[in-house]
Amino acid sequence: MQVLLVEDDEVAASSVLEGLKMHGIDAVHAANGRKALEIIAEVKPDVLVLDRMMPEMDGMEMLSKLREQGDNVPVLMLSALGDVEDRVVGLKAGADDYLAKPFSLDELVARLEVLSKRTPNTVSERELCYADLRVDLIDRRAERNGQDLELQPREFSMLVYFLKNQGTIVSRSMLLENVFDLSFDPQTNVIDVHISRLRQKLDKQHASPLLQTVRGSGYILQEQSGN
Amino acid sequence: MWQLFKTTGFRAALLYLLIFLISVAILCSVLFIQTLGMLEQEIDNRTRYEIDLTKRLYQTMTTVEFIKQIDRRGRGPSSGVFWLASTDGVKLAGNLDRLPIIGATADKGDGWIEFYFANLAQPGGKQIIRGRLVELDPELRLFIGSDVGSRESLTIRTVRDMALVVFLTLLLGLFGAAVMGRNSVRRVEKINQIVHKIIAGDLHKRIILRGSGDELDQLAVNLNSMLDRIESLMQSMRDVSDNIAHDLRTPLSRLRARLDVLAIQADENNRVELSKPDLDDLLKSLDEVLNNFNALLSLSRLESKATKFYRETFNLSDLVQDVASLYQPLVEETGQKLHINLGKEAVVVDGNRTLLSQAISNLIENSLKYAPASDIEVCLHHEDDKIELSVIDFGDGIESKDHARVLKRFERLDASRHLSGSGLGLPLVKAIIERHDGFMRLRESSPKGLTVSLVF
C-alpha cells in the first residue's frame, strides 16, 4: 500500500511516517497541497491522508480540486484539535473517512487498511462467508458450521461489517461509525459490551473463536493463528 | 482654559450666550430708535406750538410791542430759541446772536433747519439748534427753534448704557458658561480618574453616582454595570484557567515523573527499557490531557457564537433510538433497564446530528456513572413545535441548590470527586443545546434521582 500524507507539521508528519513504516506501510510526505498534487500526478498513491488545516491551500480545497480532476483515490481527512465541525462535513466534501486529532497510530493504520481494500459498489453478492461462518444478506440470516445464530439486528450489522473487512483490524470508533452511525467518542466501554454479546453467540459453542481482540487497537475477524 | 473651551457644556452655554446677546442688541436698538423718535417729535411739537403762539401774538400787537415780547420770551426759562431781524439781517430781538447763512445750515428739506455752534459756557461743548424760519411780514425775518442738545446727550447716554448692559450680559453669560463647563469637566474628570484606576488594574472601583439621574449619572450606571460584567467574566476566566491547570497538572506530572525515571535509565545504559503496560500507561496519561484539551476547545468553539456549524434535517427519534440502543446492553450488564419512550410520531429536526448524539450520549453516560444502580429512561416528547428530550435516572440526584453549579465548567460536586471525569460533560451538553436555540433543565425525578431535559 502506498500512502501519501499531506501535513504541514513536519515533526508530526515524520513520526506518522515512521509509524506507518513499522506497520509495513510505504508512505511519502507532502508539506502542502500544491506539492501533494504534484506527487499524486507522479506516483498515484493508494490512499491519501489529508490534514484539514493547512496554510495556503487547505485540505478541503485540495480535496475538491482533486475530485474535480476526476481522481477518486480514497482520502482520509484529519481534523484539527477541538474542531466541532464533524465528519459529515468532511465526508460531504468527498472524503472517504475522517479522523479527529489526536489519533492513535493503530487507529490510523486500521482505517488505512480498510480504505485501501475498498472496492466501491461491488458488494452486491447475496452471501458473505469466512471459515465456517455464512451470512445471507437478503434473508438476514447467519449460521456457523450449519447452526443458525440468533442475532439482534445490531449484532447482525456488526457481523456483516466484520465479514466485509475480514482479516483487517476494526477499531471501536470504526464500529461506532459504520454500524451505529454515530461519531462521537464514548467515555465508556460500550462497544466492548456489544462485542462480548456477539462473541457469546458466535464463538461460544465452537472450538475455534473467530472474533479476536487486538489489544489497544480493536477487533479482527480471523481464525486463531496456529489452529 | 482651552480644556474648558473644549467641553460641550461650555460650548453650548457660549452658543446660548451669543443668541441671547443678539436678541438683547435687537431689543435695545428698537427701544433706542423708538425713544429717540418720540423725543424728536416732542421737541418739534413744542417748536410748532411756539410758532403758532408767536403768529397769534404778532397779529394782536404792534411791531415795537412784538419786538419787546420776543426779547422777553427769549430770556424766559423755557429756553426756546428766538431770532428776529430786519430783511438786511440786523438783529432786532431774541436770544440768538445771529443766524448762520441759510444754505450752509443743514436744511432737512422739510422746512426744518439744524445747525450748531460752540457753547461758550462749556469748553468744547456744542449747542445744536433745530427750528424753522417763520414768514410773518416781508419786513421781518423770524427764526424759532429749540436747543436739541438734550437729544444728542440722550443718544450718547443710551448707547453707552446699552453697551454696558451688553457687556454685563456677556460677562455674566461667560461666567455661567464657565461654571457649567467646569461642572461637567469636573464630573467627567472624576469618571476619568476612576477609569484610569481600573485600567491600572483595580477592577473593584466603581463610579460614584450623584443621584440626579441626569445623563452623566446614567452613563455612570452603564459603565458600572459594564464593569460588573467584565469583572465577573474575568473571574470566571481565572476560575477556568485555575481549573485547567488543576485538571491537567495531575496527568502531566505523572507523565513527567515517568519520563524522568526513563531519562535516568537512559543516562546509565544509553537506552530505555519500557514494558508495554508502562507504555500504555504513559499513552493513557497523555490521552487524558489531550481529551481534556479537546473537550475544552470544542466547548469554547460551541460557546463562541461566531463559529458556524453544520446543520441538516434528520429524524431525531431514530437518533435517540440509535444512541439509547447503543447503551442498552451496557445498562443491562448490571441488571438495570434502559427504557426508551419515543412517542407515536417521528420527530424531525434541523440541527447537527453529531453534536446532538454527543449530548444524548453524555447524559446517558452521566446517569450510568452517577446513578449506577438505577434504571434509566430516555424520553422524547413533541408538542406544539416544542421538543423535549429527557434522560431520567433514579439515583441519588443532585440537590436543587447545586443545579446551576454542575453546569459550570470543571465544576464537580464533592460527592463525585472520587469518580473520573473532566467536569466538562454537562457544560458541553448545555453548549450544544444552546447552539440549537434551546435550553437545558435539571429537575428531581420522582420519587428521587435526576431528570435532565433538553428543550428546543
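Each chain gets a letter, A, B and so on, in the order its sequence line appears, and its residues count up from 1. Computed from a predicted model, the values in this text were never measured in an experiment.
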What closest approach, in Å, do B:V323 and A:L182 show between heavy atoms, and which atom pair accounts for it?
-> CG2-CD2, 3.8 Å

Exercise: identify the closest heavy-atom pair between A:V190 and B:Y327 | CG2-CD2, 3.8 Å

Near [X] [atom1], under 6.0 Å, is it more than 12 heavy atoms from other residues, nucleotides or ligands?
X: A:E18; atom1: CD; value: no
X: B:D260; atom1: CG; value: yes
X: B:D396; atom1: CG; value: no
X: A:K201; atom1: NZ; value: yes
X: A:E61; atom1: CD; value: yes

Considering only heavy atoms, which portion of B:L319 lies under 4.5 Å from any heavy atom of chain A: side chain, backbone, both, or neither?
-> side chain

Under 4.5 Å to a heavy atom of chain A? For B:Q358 that would be both

Going from [atom1] on [X] to [atom2] on [Y], what distance comes out if it is rounded to the nearest 0.5 angstrom?
X: A:F180; Y: B:D322; atom1: CZ; atom2: CG; value: 9.0 Å
X: B:L355; Y: A:F184; atom1: CG; atom2: CZ; value: 11.5 Å
X: A:S104; Y: B:L286; atom1: OG; atom2: CG; value: 12.0 Å

Donor-acceptor under 3.5 Å (A:H194 side chain, B:P329 main chain) | no

For the pair A:R197 and B:E333, find out whether any cationic side-chain nitrogen is under 4.0 Å from an anionic carboxylate oxygen.
-> no

Of A:I191, A:D192, A:T188, which is the lone residue that meets side chain to side chain contact (heavy atoms under 4.5 Å, CB included) with B:L330?
-> A:T188

Could you tell me whether the side chain of B:D280 reaches within less than 4.5 Å of the side chain of A:R215, counting heavy atoms only?
-> yes

A:D181, part contacting chain B, at a heavy-atom distance under 4.5 Å | both

